[in-house]
Amino acid sequence: MVIVNSARCLEYAMFGHVETPARVASTVARLRRERHEWLEPVGCDLPDLLRVHDELMVRSVRAGNFHDPDTPSFPGIFELASLAAGAAVLAAETALAGRRAFSLMRPPGHHATRDQVMGFCYFNNLAVAVAKMLSEHPDRVKRVAILDFDCHHGNGTEDIFAGHEQVLFASLHQSPCYPGTGLASRGNCRNYPLPPGCAPDAFLAALDEALAELRAFGPSLLAVSAGFDSYRGDPITSMALEVETFREIGRRLAAFKTPAFGVLEGGYAKELPDCVAEFLAGWAA
């Protein structure tokens with residue numbers, strides 16, 4: 001597996017905030033014990049951001065004059081958020097070159113809508129990468145399937161790609177839960193709200209249904225928002241997945257025979273490194 005990571009993503013933090021540098025630093029340390037190839041990303045270009053975000057939002061992140069209680073402004077956050085988006089782009093390009101890739105970066109992205117930062121997310125990293133692949137590789141990338149298995153609904157990704165004929169989006173998420181969206185499917189956005197306490201068997205059954213829909217779409221690229229906050233010990237959610245469940249999620253994705261890449265979204269338990277390692281081991285099988 002190719003891992004895309006930069007130590008620069010550890011450069012911001014707020015005391016008491018659950019989205020900490022330690023979650024990525026500890027996961028990097030865990031994965032360094034295994035045989036992965038590591039790539040260093042660069043920040044994405046402004047045109048890449050503007051494919052999925054409106055100009056006023058991008059300017060507000062650059063100036064630090066946005067307001068969301070979960071998504072604070074930090075010095076240099078524009079550059080760091082652009083770097084996370086650039087890492088997703090590099091992971092997508094690596095996938096098109098024939099190797100599965102995973103962007104292990106922060107900040108996450110799937111709550112960032114076309115015009116709003118929210119939920120720890122400044123730019124929608126996965127959406128930036130998907131839009132760039134569709135725009136710059138039209139002969140190779142005709143359709144993209146997006147799977148989001150973070151415990152929270154990927155409302156930002158849905159907002160950006162709703163009605164897009166070349167994209168099919170599927171989200172598995174706890175409901176009720178933040179941000180309170182994703183209660184029903186509409187058009188090209190397929191939602192699988194799952195109750196608090198959802199056990200591994202029920203989660204995997206919903207995953208199989210989602211993957212069948214995505215496979216029937218006939219995609220030439222699979223993009224995965226990989227969140228690990230459905231783990232039973234996560235401090236801000238109420239699901240019941242085990243560490244081993246994430247290996248099984250990876251195994252199911254491994255059967256998806258298209259170029260594929262993933263990006264880290266949520267996951268805040270101390271077991272996050274093991275959850276990610278199991279997922280990648282299953283996916284690389």
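Everything quoted here is computed from the prediction, not taken from an experiment.
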Quiz item: Does His17 have its ring centroid less than 6.0 Å away from the ring centroid of Phe120?
Solution: yes
Quiz item: Below 4.0 angstrom, N of the basic side chain to O of the carboxylate: do Glu37 and Arg99 qualify?
Solution: yes
Practice problem: Kindly indicate, with the supporting measurements, whether the criterion side chain to side chain contact (heavy atoms under 4.5 Å, CB included) is fulfilled by Phe261 and Val4. | Solution: CA-CA 10 Å; Phe261 75 100; Val4 182; over 6 Å; no
Quiz item: In Å, rounded to the nearest 0.5 Å, how long is the span from NE2 of His110 to CG of Leu264?
Solution: 10.0 Å
Self-check item: same_hphob_cluster(Leu83, Ile77) at 4.5 Å side-chain heavy-atom cutoff
Solution: no
Quiz item: So Asp234 and Leu272, side chain to side chain contact (heavy atoms under 4.5 Å, CB included) or not? Walk me through it.
Solution: CA-CA 9 Å; Asp234 196 274; Leu272 174 64; over 6 Å; no
Self-check item: Backbone of Ala210 reached by a side-chain donor or acceptor of Arg190 within 3.5 Å
Solution: no
Quiz item: So which of Phe279, Phe228, Trp283 actually passes ring pair (Phe, Tyr, Trp, His ring centres under 6.0 Å) with Phe246?
Solution: Phe228
Quiz item: Could you go step by step and tell me if Thr113 and Asn155 meet the side-chain hydrogen bond (donor to acceptor under 3.5 Å, both in side chains) rule?
Solution: CA-CA 7 Å; Thr113 69; Asn155 63 299; over 6 Å; no
Self-check item: Single hit among Asn124, Asp150, Asp148 for side chain to side chain donor-acceptor pair (under 3.5 Å) with Thr157
Solution: Asn124
Exercise. In sequence, state the C-alpha distance, the side-chain angles, and the governing distance for Ser230 and Thr237, and then conclude on side chain to side chain contact (heavy atoms under 4.5 Å, CB included).
Key: CA-CA 7 Å; Ser230 293; Thr237 60; over 6 Å; no
Exercise. For the residue pair His53 and Phe123, categorise the inter-ring angle as parallel (less than 30°), tilted (30 to 60°) or perpendicular (more than 60°).
Key: tilted
Quiz item: Heavy-atom distance under 4.5 Å between the side chains of Met57 and Val117, does that happen here?
Solution: yes
Self-check item: In one Ile/Leu/Val/Met/Phe/Trp/Tyr side-chain cluster, 4.5 Å: Phe217, Ile146
Solution: no
Quiz item: Do any pairs count as a side-chain hydrogen bond (donor to acceptor under 3.5 Å, both in side chains) and have a residue in residues 192-211, sequence neighbours left out, and if so which ones?
Solution: Tyr192-Glu213, Asp208-Arg252
Exercise. Would you mind reporting whether Tyr122 and Leu80 have side-chain heavy atoms less than 4.5 Å apart?
Key: no
Practice problem: Flag yes if Val2 and Phe256 sit in one hydrophobic cluster, no otherwise; membership is Ile, Leu, Val, Met, Phe, Trp, Tyr, and two members link when side-chain heavy atoms are under 4.5 Å apart. | Solution: no
Quiz item: Going by atom types only, do His153 and Glu158 share a side-chain donor-acceptor pair under 3.5 Å?
Solution: yes
Self-check item: Interatomic distance, Cys189 atom SG to His164 atom NE2 [nearest 0.5 angstrom]
Solution: 11.0 Å
Quiz item: Do the non-hydrogen side-chain atoms of Pro21 and Arg106 ever get within less than 4.5 Å of each other?
Solution: yes
Quiz item: Hey, what do you get for CG (Asp274) to OH (Tyr231), rounding to the nearest 0.5 Å?
Solution: 8.5 Å
Practice problem: Could you tell me whether the side chain of Asp54 and the main chain of Leu56 form a donor-acceptor pair under 3.5 Å? | Solution: yes
Practice problem: Look at Glu244 together with Arg247 and state whether they make a salt bridge at an N to O cut-off of under 4.0 Å. | Solution: no
Self-check item: pair Leu204-Ile249: side-chain heavy atoms closer than 4.5 Å
Solution: yes
Quiz item: Should Leu172 and Val224 be counted in the same cluster of Ile, Leu, Val, Met, Phe, Trp and Tyr side chains packed under 4.5 Å apart?
Solution: yes
Quiz item: So, do Pro219 and Val144 sit near enough that their side-chain heavy atoms are less than 4.5 Å apart?
Solution: no
Quiz item: Can any side-chain N or O of Asn125 pair as donor or acceptor with the backbone N or O of Ala87 at less than 3.5 Å?
Solution: no
Quiz item: Looking at the rings of Phe102 and His36, which for Trp means the six-membered one, are their centres under 6.0 Å apart?
Solution: no
Quiz item: OG of Ser73 to CE of Met14: how many Å apart, nearest 0.5 Å?
Solution: 9.0 Å
Quiz item: Is there a path from Leu222 to Val128 through hydrophobic residues (I, L, V, M, F, W, Y) whose side chains come within less than 4.5 Å of each other?
Solution: no
Quiz item: Does the side chain of Leu50 come within less than 4.5 Å of Glu55's, by heavy atoms?
Solution: yes
Practice problem: Compare all side-chain heavy atoms of Val167 with those of Leu134 and state whether any distance is below 4.5 angstrom. | Solution: yes
Practice problem: Step by step, work out the side chain to side chain contact (heavy atoms under 4.5 Å, CB included) result for Asn5 and Trp38. | Solution: CA-CA 7 Å; Asn5 173 260; Trp38 294 79; 3.9 Å; yes
Quiz item: Pro179 versus His111: any side-chain heavy-atom pair under 4.5 Å?
Solution: yes
